[in-house]
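For ligands, and for the atoms within them, numbers begin at 1 and follow the listed sequence. Small disclaimer: the values here were computed from a predicted structure and weren't measured.
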Amino acid sequence: MGAITAAVQACRKRIAAACTEAGRSADCARLLAVSKTFPAAAIREAHAGGLTAFGESYLREALGKLDALADLPLEWHFIGPLQSNKTRPVAERFAWVHGVEREKIARRLSEQRPATLPPLNVCVQINVSGESSKHGVPPEQALNLARLVASLPGLRLRGFMAIPEVDAARSRYALLRSLLEQARAEGLDVDTLSLGMSADLESAILEGSTMVRVGSALFGTRGYRGQARSYGVVVSQ
Ligand SMILES: *Cc1c(COP(=O)(O)O)cnc(C)c1O
């Protein structure tokens, strides 16, 4: 068995164990494989190991991989910061965008989504770390942006996404959960909390995550500037 295939299985076990511990069904959280910085060959192996959803953060790099892997039925998620002059290829070629944090970006994505495709799935990114992060809307503005996304014809609001600090207090997660509940209470059709990475997927699932974004635990470590340092992880069984 290849290293990535073994890592996919180990990660699935972690997710299932956390779902069980949380008293949720064993498949309560989807696994989004974060393949940024790793080559198309690594994605092919992960797909052979049973994964279909892949997350990318850097647009130019991502588009090269989308082309190289066009023969596979993959679901692409854009999870990086998105500038307004780069929305078109994301609207045309991705299935999900996790980091929508501005009205202007949402409107452009909706206008540029081809009518031949289903609406683009969108999570509104929430800044749960206050001033230490530049990304995401402040929690008190999240519902406004969510309402706007829900109203745009080219988009489908799915829920919220956050990147908490490593040692985030549980109150930060509770805030996300309560926003999801508030959104539901006012009739918004949300089903997704995109939360948790390689190091914290268990606590994220305990706090209600429905989609974990896992990179290094599947593909190996990334270097300082984000280059893949090695690929393939050693998994202890
Ligand atoms: C890189 C990245 C991840 C994956 O992080 P790992 O620690 O490698 O699992 C998840 N979410 C976002 C937004 C990322 O940029």
Can Arg88 and Glu92 be said to form a salt bridge (charged side-chain N to carboxylate O under 4.0 Å, His left out), step by step? CA-CA 6 Å; Arg88 184 174 293 279; Glu92 291 179 348; 3.6 Å; yes
Can you name the atoms of ligand 1, numbered from 1 with element, that are less than 4.0 Å from a heavy atom of Ser57? 15 (O)
Could you tell me whether the side chains of Ser216 and Thr221 share a donor-acceptor contact shorter than 3.5 Å? no
Would Ala217 count as a contact residue for ligand 1, given that I'm defining contact as a non-hydrogen atom of the residue lying under 4.0 Å from a ligand atom? no
Between ligand 1 and Ala199, is the shortest N or O to N or O distance under 3.5 Å? no
Proximity winner for atom 13 (C) of ligand 1, if only heavy atoms of Leu218, Val212, Ile163 are counted: Ile163
Can you find a pair of side-chain heavy atoms, one from Val214 and one from Val34, that are under 4.5 Å apart? no
His98 to ligand 1, any heavy atom closer than 4.0 Å: no
Under 4.0 Å from one or more heavy atoms of Val214, ligand 1 contributes atoms 9 (O)
Side chain Asp67, main chain Gly64, donor-acceptor under 3.5 Å: no
Please evaluate residues Glu75 and Arg30 with respect to the criterion salt bridge (charged side-chain N to carboxylate O under 4.0 Å, His left out), reporting the C-alpha separation (whole Å), side-chain torsions for both, the decisive distance (0.1 Å), and the verdict. CA-CA 12 Å; Glu75 180 183 276; Arg30 277 188 84 189; 2.9 Å; yes
Decide yes or no for His98 and Phe78: does some side-chain heavy atom of the first lie under 4.5 Å from some side-chain heavy atom of the second? no
Is a donor on one side and an acceptor on the other found under 3.5 Å between the side chain of Lys65 and the backbone of Ser35? yes
May I ask you to decide if Ser194's main-chain N or O and Arg213's side chain share a donor-acceptor pair within less than 3.5 Å? yes
When you measure from atom 7 (O) of ligand 1 to every protein heavy atom, which one gives the shortest distance, and what is it? Ser216 OG, 3.7 Å
Quick one: pull up CD in Glu207 and CG in Leu176 and give me the separation to the nearest 0.5 Å. 9.5 Å
Of all the non-hydrogen atoms in the protein, which one sits nearest to atom 1 (C) of ligand 1, and at what distance? Lys36 NZ, 1.5 Å
Provide, to 0.1 Å, the distance between atom 10 (C) of ligand 1 and the closest protein heavy atom, together with that atom's residue and name. Met197 SD, 3.1 Å
Could you tell me the residue and atom name of the protein heavy atom closest to atom 11 (N) of ligand 1, and the distance to it rounded to 0.1 Å? Arg213 NE, 2.9 Å
Which part of Ser198 is near ligand 1, with near meaning a heavy atom under 4.0 Å away: side chain, backbone, both or neither? both
Which atoms from ligand 1 have a heavy atom of Gly215 less than 4.0 Å away? 4 (C), 6 (P), 8 (O), 9 (O)
Protein residue, atom and distance nearest to atom 12 (C) of ligand 1, heavy-atom basis: Ile79 CD1, 3.6 Å
